[in-house]
Amino acid sequence: MTLKEKKCTPCSGSMAALTSSEIAKLNAEVDNWQVEEGKRLRKNFRFNDFQQAMNLAERVAKIAEEENHHPDLHIRYGELRVEIWTHAIDALTENDFILASKIDQAAKVR
């Protein structure tokens, strides 16, 4: 099953963080997400105007609600920056990569 076909699982503070090798494996399955400090994913989406950035932000918000996993969104003219991590453990889990994969799919719709 691919990441985009999976559902995020409810997280708790006892959830195990991914190891660096697990992060590398999962990061190869998403499209150009940056791993920051081994515990966050970040990606900048660029557009020609503000409205396109807002449109993707709205699609991301819908996905986040469906998955009950919420990224940080930073919107400005022509850009949407998305940051994902599992807040409960301040680290990366498979949920973060599932969400990144679904956001990649949403970004393909223009």
For Glu22, which residues count as a salt bridge (charged side-chain N to carboxylate O under 4.0 Å, His left out) partner, sequence neighbours excluded? none
Nearest-0.5 Å distance that lies between atom CG in Leu99 and atom SG in Cys8: 5.5 Å
Partner set under salt bridge (charged side-chain N to carboxylate O under 4.0 Å, His left out) for Lys43, not counting sequence neighbours: Asp31, Asp104
Any residue meeting side chain to side chain donor-acceptor pair (under 3.5 Å) with Glu94, in chain and number order, not counting sequence neighbours: Lys6
Shared hydrophobic cluster, Phe97 / Met15 (ILVMFWY, side-chain heavy atoms < 4.5 Å): no
Taking only residues two or more places apart in sequence or in another chain, which ones pass ring-ring contact (aromatic ring centres under 6.0 Å, His included) with His87? Trp85
Only counting residues at least two apart or in another chain, list the ones meeting side-chain contact (heavy atoms from CB on, under 4.5 Å) with Thr2. Lys4, Glu5
Is it true that Lys62 and Glu65 have a side-chain N and a carboxylate O under 4.0 angstrom from each other? no
Rounded to the nearest 0.5 Å, how far apart are CZ of Phe45 and CD1 of Ile75? 12.5 Å
Minimal heavy-atom distance between Leu41 and Ala100, with the atoms involved, is CD1-CB, 4.1 Å
Of Ile84, Leu3, Ile98, which is the lone residue that meets side-chain contact (heavy atoms from CB on, under 4.5 Å) with Val30? Leu3
Identify, with sequence neighbours excluded, every residue that meets salt bridge (charged side-chain N to carboxylate O under 4.0 Å, His left out) alongside Glu58. none
Results of side chain to side chain donor-acceptor pair (under 3.5 Å) for Gln51 - residues two or more places apart only: Asn55
Atom OG1 in Thr19, atom NZ in Lys25: separation rounded to 0.5 Å? 10.5 Å
Can you check whether Leu18 reaches Leu26 side chain to side chain, under 4.5 Å on heavy atoms? yes
Sorted by chain and number, sequence neighbours left out, side chain to side chain donor-acceptor pair (under 3.5 Å) with Arg42 holds for Glu36
Side chain of Lys102, backbone of Lys7: donor and acceptor closer than 3.5 Å? no
Just jot down the side-chain contact (heavy atoms from CB on, under 4.5 Å) partners of Ala17, sequence neighbours excluded, or say none. Ile89, Ala91
Tell me, please, which residues at least two apart from Ala24 pass side-chain contact (heavy atoms from CB on, under 4.5 Å). none
Applying ring pair (Phe, Tyr, Trp, His ring centres under 6.0 Å) as the test, list every pair that has at least one member in residues 58-81; sequence neighbours left out. none
Heavy-atom closest pair (Asn95 atom, Cys11 atom, distance to 0.1 Å) is ND2-CB, 4.3 Å
Measure the shortest side-chain to side-chain distance between Thr86 and Leu92 over non-hydrogen atoms and say whether it is less than 4.5 angstrom. no
Applying side chain to side chain donor-acceptor pair (under 3.5 Å), name anything that partners Lys39, two or more places apart in sequence or on another chain. Asp90
Arg81/Glu83 salt bridge by N-O under 4.0 Å criterion: yes
Minimal heavy-atom distance between Ile63 and Ala106, with the atoms involved, is CD1-CB, 3.6 Å
